[in-house]
Amino acid sequence: MENIRVRIAPSPSGNLHIGTARTALFNYLFAKKNKGKFVLRIEDTDLERSNAEYTQNIYDSLKALGLNWDEGPDVGGEYGPYQQSERFDIYPKYVQKLIDAGFAYECFCTQEELEAEKEDAIKNKKAYIYSEKCRNLTKEQREEFIKQGRKPVVRFAVPKNREIVFHDLVKGELKFDSNLIGDFVIQKSNNTPTYNFAVVIDDMEMKISHIIRGEDHISNTAKQILIYEALGAEVPKFGHLGMILATDRSKLSKRHGATAVSDFVKQGYLSEALVNFVALLGWTPSDGEEIKSLNEIAEDFDITKISSSNSVFEYDKLNWMNGQYIKKMDIKKLTEKIKPYLEQNYDLSELTQAQLEHMVEVTREPLTVLADIVKDVPFFFGKDVDFEDKVKEDVLNTEVSQKVLKKVVEDAQTWDFNNLEDLHEKLGDIRAFFKEQGIKPKETMWAIRAAITGRTHGADISAVMNIIGKDKFIYRVKNAIIS
RNA sequence: GCUCCCAUCGUCUAGAGGCCUAGGACACAUCCCUUUCACGGAUGCGACAGGGGUUCAAAUCCCCUUGGGAGUACCA
């Protein structure tokens with residue numbers, strides 16, 4: 001088989017969109033599975049809307065997701081440059097080639113003329129198709145226009161009565177009637193290429209074998225195939241993916257909240273979870289096991305089996321998946337990831353690294369997003385605790401609780417707070433002791449928990465005691481006793 | 001308006017004519033476990049958009065309707 005080469009070609013007019021990330025992922029997976037190359041090309045022809053910050057964001061996001069490219073603006077490669085703005089000088093010669101061969105022509109129509117044609121089409125309830133007015137201009141006519149100072153665009157002369165057919169890797173056979181495609185612009189009046197032309201030239205020069213992209217490009221494909229053919233180039237294979245929709249079934253956009261990969265990361269989503277989740281939008285693992293690493297997915301990947309419909313981006317499953325990754329993640333790594341969120345609210349110097357890791361270990365379970373931890377750990381810091389509503393009245397100040405606390409302060413004097421297992425046992429003893437007096441284990445623990453955390457639920461109590469230490473423990477329990 | 005794409009539980013999907021009284025995951029509900037929250041386990045709830053064909057047999061093939069999405073730029 002020929003060399004497999006795929007690419008992701010984002011335009012740096014915003015941070016890397018989660019949809020683009022998914023497209024990048026599928027390209028990456030396809031390359032991995034078929035031992036091909038994955039190319040990154042930055043499409044910054046629209047200089048007005050592009051900027052370097054976004055380009056950096058694209059690099060960072062892709063890297064964070066583990067989608068490393070083999071060729072790209074930063075790493076170079078055989079077929080560079082990989083930044084479209086640096087390729088401006090290569091398009092005109094292809095344009096000229098097409099003009100010379102009769103596949104393209106200069107068009108001098110003004111905006112007003114074009115507007116008029118469009119309005120006319122709307123009035124007659126017809127599809128707007130360029131009139132081809134300039135298709136057969138004589139040399140004299142052209143010279144006259146130029147003398148008037150008109151700057152031409154170059155249009156592609158779309159052949160008549162052609163059926164453009166191609167086999168889409170995910171959608172199957174797709175057909176287009178060339179009579180419905182107007183002569184489209186390939187070079188603007190400022191001599192820069194339009195998108196449809198630039199992509200073809202770039203993909204051709206970069207020897208891209210398979211173009212996997214969003215289905216919003218399906219109708220462009222017909223035009224692009226025409227260009228490939230006119231150029232005598234080999235037409236690559238295409239695969240069009242369904243779009244990612246928001247819950248209201250409209251295109252996922254800023255008004256729905258986070259859309260950029262970096263937004264999700266900021267919120268505390270793990271890039272591993274993000275990749276895994278987004279892969280499941282359209283792709284299904286053959287063994288039914290949904291939690292899978294990038295490599296595992298790559299091995300199992302088959303572009304042909306991708307769902308051809310759009311999919312709704314729903315947080316529930318992402319949240320669940322993120323939680324799964326948080327639970328599985330190496331504790332040291334997780335602690336490092338969590339630190340930035342903690343630092344904003346607490347003085348981390350109060351705890352040693354080991355204590356911090358221990359704290360993360362015992363509080364990670366209910367987290368769906370990294371930032372969630374902040375609200376679960378205030379009692380690990382500072383001397384005093386904040387009490388949740390009604391905890392004092394309902395839990396602490398009861399006769400039973402007071403009895404428990406009084407015994408606990410006394411007994412705790414002799415406990416070894418550095419010995420987690422021992423603490424666990426000691427608490428067991430306390431529970432047993434009160435159980436004999438008809439007090440439920442639950443109540444016993446509630447009293448202690450409330451006294452030292454100010455809450456009725458949270459991490460394992462012996463772990464909390466181990467981390468905050470004996471002094472704080474006794475201090476807090478004493479404070480909770482109304483004598 | 002025109003062209004194209006899509007259509008299975010609320011969501012992501014399995015399903016490539018009989019294996020389907022339609023399977024899994026998330027969410028939801030109940031129960032179990034338990035020092036709480038949670039995790040985990042179990043059970044339950046829940047769908048082939050509608051109508052026509054084709055066929056001995058259709059979620060699967062064809063047509064129509066409906067619904068959703070995309071494109072229709074000198075934007076990418």
Side-chain angles (χ1 to χ4, degrees), chain A residues 9-13 43-46 48-50 84 107 109 111 114 118 121-129 151-155 168 170-172 174-177 180-182 184-196 198-199 214-223 240 242-243 245 247 249-251 277 280-286 288-291 305 307-321 323-324 327 363-368 376 395 424 427-428 430-431 440-450 453 455-462:
Chain A
S11 75
S13 52
E43 305 213 328
D44 57 348
T45 15
D46 187 352
E48 307 253 310
R49 292 197 301 158
S50 303
Q84 235 168 25
C107 165
C109 291
Q111 293 290 70
L114 263 19
K118 272 178 214 175
I122 293 171
K123 221 186 290 163
N124 296 319
K125 294 197 170 186
K126 282 212 172 141
Y128 166 67
I129 293 173
K151 292 223 175 357
V153 297
V154 177
R155 286 183 186 273
D168 191 277
V170 348
K171 304 261 184 203
L174 263 25
K175 286 183 198 165
F176 292 90
D177 179 355
L180 266 15
I181 304 174
F184 55 93
V185 175
I186 58 175
Q187 186 173 74
K188 308 177 200 174
S189 54
N190 65 0
N191 295 324
T192 61
T194 59
Y195 164 77
N196 272 316
V199 248
E215 70 175 23
D216 46 342
H217 285 290
I218 288 185
S219 48
N220 285 329
T221 308
K223 296 177 185 171
H240 289 94
M243 316 252 68
L245 270 26
T247 343
R249 301 215 163 252
S250 67
K251 209 169 170 180
F277 171 72
L280 257 22
L281 259 29
W283 172 81
T284 312
S286 58
E289 186 50 59
E290 296 192 327
I291 304 277
K305 292 199 170 133
S307 158
S308 54
S309 45
N310 294 339
S311 38
V312 172
F313 186 102
E314 208 212 15
Y315 275 83
D316 282 336
K317 190 147 185 179
L318 206 214
N319 287 340
W320 166 77
M321 185 158 280
Q324 295 295 311
K327 277 188 264 294
T363 46
R364 90 214 277 193
E365 206 145 72
L367 304 182
T368 70
D376 293 338
V395 182
H424 202 81
L427 286 177
I430 294 281
R431 252 175 279 144
K440 288 183 200 148
K442 204 190 245 182
E443 285 182 275
T444 310
M445 299 305 277
W446 262 21
I448 302 173
R449 178 183 296 282
T453 71
R455 311 174 167 205
T456 52
H457 56 79
D460 177 71
I461 296 180
S462 42

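So that the names make sense, note that chain A is the first sequence line, chain B the second, and so on, each numbered from 1.
Straight-line distance between the P atoms of B/rC2 and B/rU65: roughly 12 Å, to the nearest whole Å. For the C1' atom pair drawn from B/rA29 and B/rC45, the interatomic distance equals 7 Å after rounding to whole Å. To the nearest whole angstrom, the two C1' atoms, one in B/rA59 and one in B/rC75, are 41 Å apart. Taking atom C1' in both B/rC5 and B/rG44, the straight-line distance is 37 Å, to the nearest Å. Taking atom P on both nucleotides, B/rC63 is separated from B/rG24 by 33 Å, rounded to a whole Å. Comparing B/rU3 with B/rG46, their C1' atoms are spaced 37 Å from each other, to the whole Å. The C1' atoms of B/rG10 and B/rA47 are separated by 10 Å, rounded to the nearest whole Å. Going from the P atom of B/rG68 to that of B/rU11 covers 14 Å, rounded to whole Å.
Between the CZ atom of A/Arg155 and the SG atom of A/Cys109 there is a distance of 6.5 Å, given to the nearest 0.5 Å. Taking CD of A/Gln111 as the start and NZ of A/Lys118 as the end, the distance is 7.5 Å to the nearest 0.5 Å. The distance from atom CE of A/Met321 to atom OH of A/Tyr315, rounded to the nearest 0.5 Å, is 15.5 Å. A/Glu290 contributes atom CD, which lies 3.5 Å from atom NZ of A/Lys317 (distance to the nearest 0.5 angstrom).
The shortest distance between side-chain heavy atoms of A/Phe176 and A/Thr221 does not fall below 4.5 Å. Annotation: side chain of A/Asn310 is in contact with side chain of A/Glu215 (closest heavy-atom distance under 4.5 Å). Proximity of A/Thr453 to A/Ile461: side-chain heavy atoms (C-beta onward) are nowhere separated by under 4.5 Å. A/His217 places a side-chain heavy atom less than 4.5 Å from the side chain of A/Tyr195.
In the model, A/Thr194 has no side-chain atom that pairs as donor or acceptor with a side-chain atom of A/Asn196 under 3.5 Å.
Nucleic acid contact for A/Lys251: sugar-phosphate only, since backbone atoms but no base atoms lie under 4.0 Å from a heavy atom of the residue. Among the atoms of the strands shown, base atoms are found under 4.0 Å from some heavy atom of A/Ser189. No engagement by A/His240 is indicated, since no non-hydrogen atom pair under 4.0 Å with the nucleic acid exists. Residue A/Arg49 is in base contact, counting any heavy-atom pair closer than 4.0 Å across all strands shown. Contacts of A/Gln187 with the nucleic acid, taken as non-hydrogen atoms under 4.0 Å apart, are absent. Using a 4.0 Å heavy-atom distance criterion, A/Asn220 is classed as a base contact.
When distances run from any side-chain atom of A/Asp216 to the nucleotides B/rG71, B/rA14, B/rC74, the shortest one goes to B/rG71.
Straight-line distance from the CD1 atom of A/Ile122 to the P atom of B/rG1: 13 Å, rounded to whole Å. Between the P atom of B/rU13 and the CD atom of A/Glu289 lies a distance of 18 Å, rounded to the nearest Å. Per the geometry, CD1 belonging to A/Ile129 stands 13 Å off P belonging to B/rC2, to the nearest Å. One atom, OH of A/Tyr128, and another, P of B/rU72, lie 13 Å apart when rounded to the nearest Å. Across the protein-nucleic acid pair, A/Gln111 atom CD and B/rC74 atom P stand 7 Å apart, rounded to whole Å. Between the C1' atom of B/rG68 and the CG atom of A/Leu245 lies a distance of 8 Å, rounded to the nearest Å.
Of the nucleotides present, none pairs with B/rA22 by Watson-Crick or G-U wobble criteria with both distances under 3.5 Å. Remark: B/rU35 base-pairs with no nucleotide; criterion is Watson-Crick or G-U wobble with both hydrogen-bond distances under 3.5 Å. The pairing partner recorded for B/rG67 is B/rC6, the criterion being a Watson-Crick or G-U wobble arrangement whose two distances lie under 3.5 angstrom. Pair check for B/rA14 finds none; no Watson-Crick or G-U wobble contact set falls under 3.5 Å. Pair assignment for B/rC28: B/rG44, on the basis of Watson-Crick or G-U wobble contacts that are both within less than 3.5 Å.
Under 4.0 angstrom from either OP1 or OP2 of B/rC75 there lies at least one side-chain N or O belonging to A/Lys188. Distances shorter than 4.0 Å separate none of the side-chain N or O atoms of A/Lys118 from OP1 or OP2 on B/rC2.
The side-chain hydrogen bond (donor to acceptor under 3.5 Å, both in side chains) test applied to A/Ser308 returns no partner, not counting sequence neighbours.
The side chain to side chain contact (heavy atoms under 4.5 Å, CB included) with A/Val153 is formed by just one residue from the set A/Ile186, A/Asn190, A/Asn191, A/Val185; it is A/Val185.
Remark: side-chain polar atoms of A/Asp168 are paired, donor with acceptor, to backbone N or O of A/His240 under 3.5 angstrom.
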(request) Produce a footprint string for nucleotides 5-12 of chain B: one letter per nucleotide, 5' end first; B if the base is under 4.0 Å from any protein heavy atom, S if only the sugar-phosphate is, - if neither. (result) SSS--BSB
(request) Using a 4.0 Å heavy-atom cut-off, write out nucleotides 29-41 of chain B from 5' to 3' as B (base contacted by protein), S (sugar-phosphate only) or - (no contact). (result) ------BBBBSS-
